[in-house]
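Keep in mind the model is a prediction, meaning the values are calculated, not measured. Residue numbers start at 1 and run along the sequence shown. Computed from heavy atoms alone, side chains included, the values below leave out hydrogens, waters and symmetry copies.
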Amino acid sequence: MKYLSVCSGIEAASVAWEGLKWEAAGFSEIEPFPCALLQHRFPAVPNFGDMTKHDTWPLAPRSVDLVVGGTPCQSFSVAGLRAGMVDPRGNLALTFLAIVDRLRPEWVVWENVPGVLSSNGGRDFGAFLGALVELRYGFAYRILDAQHFGVAQRRRRVFVVANATDWRRAATVLLEPEGLRGDPAPRRAKGQGTAASADRSAGTVGTLCADSHPGSYGGQDAYTGRLIAAPFVKAKRARSADDDETWQADRPAPTLSVFDSGDSRATVAIVTPATLAVRRLTPVECERLQGFPDDWTNITYRGKPAADGPRYKAIGNSMAVPVMRWIGERIDAVDRATKA
């Protein structure tokens, strides 16, 4: 299967779908640091740049099987003043649909923040879905939370999956009769799953975001480039008076304070019954929280090792890899069953 990824960022989709052996036909990204990362990680895949210029891209109708993207979410949030489709950033959702109309892929995957459901009284999201219908796509949509897919982060996002043949194919991908209904994830044994600390031994954190400015939608908006980790604690216990304290990894701990460090790094206060320890999340920890390989964003940028600031921003703006992997595997299974 060939796919086109727009608003590509650091390519959570490509990382997620590597095991499926799907082929990326192209990316569309304009931010400098993600562009440098795409060139470094995927040198053979063209980055077509500005998605509003899609009519100049060397892609013919039906040359790709799937179009995926998460258009900017600010205009669908409180921080974006609910400007919705009037905001140029929101209008990129319409550009996304224009790309779908031009290329006519079999599958469409679109991601956004939950605020899109209530933007402009729900009319923006309704317009988006209505446009899919006008383009003769059947669709299903669902809110998925990354914490139920193996990462230690609460990250709720709306996913729309659309299919050009039958709406039931889209519904089969996203909707299940059992499981993933928003219930707490099963308790994991110590050391299992993806975690946030350098030794992968933390409980569940809050949403990784690019800012915690007043009015942000659940702290999930990319605004100034700062990455702030929302509620995140480690439960500590002492085995004996002489032993070092050990971290428990099988459950989230209940207490947290978060402090804005005033720069482009994440500062987290980890609260324990007896002590208060404050430290910053490292870029590697943030990569793990999104399900990326360690040092995925550790590239040479502008002639030197990438600074933490661009790395935090790019990670915070990305999709969660395990969620995208689940969606991709479901699409692949439906596609294979249909062709069998």
Side-chain angles (χ1 to χ4, degrees), residues 3-7 12-13 16-17 65-77 80 82 84-85 89-101 103-149 154-183 207 217-218 220-221 318-335 338:
Y3 64 92
L4 169 70
S5 173
V6 302
C7 301
W17 297 341
D65 305 292
L66 184 152
V67 171
V68 58
T71 52
C73 59
Q74 292 94 327
S75 59
F76 295 134
S77 68
R82 300 289 186 178
M85 294 298 185
R89 296 167 299 183
N91 277 331
L92 289 181
L94 301 183
T95 302
F96 178 86
L97 291 169
I99 293 171
V100 170
D101 186 30
L103 297 181
R104 304 303 304 177
E106 177 72 13
W107 293 96
V108 176
V109 178
W110 185 74
E111 178 257 17
N112 219 295
V113 295
V116 70
L117 299 178
S118 58
S119 174
N120 195 20
R123 287 183 288 274
D124 287 341
F125 190 54
F128 182 85
L129 297 180
L132 281 174
V133 173
E134 289 291 325
L135 296 177
R136 301 183 301 283
Y137 281 84
F139 64 84
Y141 68 90
R142 183 177 183 180
I143 293 179
L144 298 174
D145 191 334
Q147 70 174 318
H148 301 310
F149 293 81
R154 291 186 291 272
R155 190 180 189 86
R156 299 171 72 247
R157 290 293 186 270
V158 174
F159 290 88
V160 176
V161 172
N163 182 264
T165 304
D166 190 336
W167 69 267
R168 286 167 290 194
R169 300 182 75 195
T172 301
V173 170
L174 277 187
L175 307 180
E176 294 180 300
E178 302 292 338
L180 288 172
R181 293 173 175 167
D183 301 321
T207 301
Y217 182 81
Q220 300 178 66
D221 289 308
S318 184
M319 303 175 190
V321 170
V323 181
M324 294 302 294
R325 180 178 297 120
W326 182 82
I327 291 174
E329 289 171 350
R330 302 276 294 181
I331 290 174
D332 191 61
V334 171
D335 211 48
T338 304

Output a table of donor-acceptor pairs, distance under 3.5 Å, between side-chain atoms of residues 328-335 and any protein atom two or more places apart or on a different chain; print 'none' if there are none.
unit_1: Arg330; atom_1: NE; unit_2: Val173; atom_2: O; d: 3.0
unit_1: Arg330; atom_1: NH1; unit_2: Glu176; atom_2: OE2; d: 3.2
unit_1: Arg330; atom_1: NH2; unit_2: Thr172; atom_2: O; d: 2.7
unit_1: Asp332; atom_1: OD1; unit_2: Trp22; atom_2: NE1; d: 3.3
unit_1: Asp332; atom_1: OD2; unit_2: Arg336; atom_2: NE; d: 2.8
unit_1: Asp335; atom_1: OD1; unit_2: Trp107; atom_2: NE1; d: 3.3
unit_1: Asp335; atom_1: OD1; unit_2: Arg169; atom_2: NH2; d: 3.0
unit_1: Asp335; atom_1: OD2; unit_2: Lys339; atom_2: NZ; d: 3.0

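When atom types are taken as modelled, the side chain of Asp65 and the backbone of Pro105 share no donor-acceptor pair closer than 3.5 angstrom. Listed for the Asn163 side chain is a donor-acceptor partner under 3.5 Å among the backbone atoms of Asp166.
Taking the six-membered ring where tryptophan is involved, the planes of Trp110 and Phe125 are essentially parallel, since the angle between them stays under 30° and well short of 60°. Taking the six-membered ring for Trp and thresholds of 30 and 60 degrees, Trp17 and Tyr3 have ring planes more than 60 degrees apart, a perpendicular arrangement.
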Q: Please assess Met324 against Val68 for the test side-chain contact (heavy atoms from CB on, under 4.5 Å), listing each intermediate value before the final yes or no.
A: CA-CA 10 Å; Met324 294 302 294; Val68 58; 3.8 Å; yes
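For the residue pair Leu97 and Ala131, the shortest heavy atom distance occurs at CD1-CB, 3.5 Å. Summarising the geometry of Ala170 relative to Gly138, their closest heavy-atom pair is CB-O, 3.9 Å, with the distance given to 0.1 Å. Nearest heavy-atom pair, Arg155 versus Ser318, reported as atom, atom and distance to 0.1 Å: NH2-O, 3.0 Å.
Distance CZ/Phe149 to CG/Leu144: 4.5 Å, rounded to 0.5 Å. Separating the CZ atom in Arg136 from the CZ atom in Arg104 is a distance of 4.5 Å, to the nearest 0.5 Å. Atoms OH and CG, from Tyr137 and Leu129 in turn, are 14.5 Å apart once rounded to the nearest 0.5 Å. Interatomic distance, CD1 of Ile143 versus CG of Leu174, reported as 12.0 Å (0.5 Å rounding).
The shortest distance between side-chain heavy atoms of Asn112 and Thr71 falls below 4.5 Å. At least one side-chain heavy atom of Leu132 sits under 4.5 Å from a side-chain heavy atom of Val160. In this structure the side chain of Val67 reaches within 4.5 angstrom of the side chain of Phe96, judged on heavy atoms. Put simply, the side chain of Glu106 does not reach to within 4.5 Å of the side chain of Leu66, judged on heavy atoms. Using a 4.5 Å heavy-atom threshold, the side chains of Phe159 and Glu111 count as touching.
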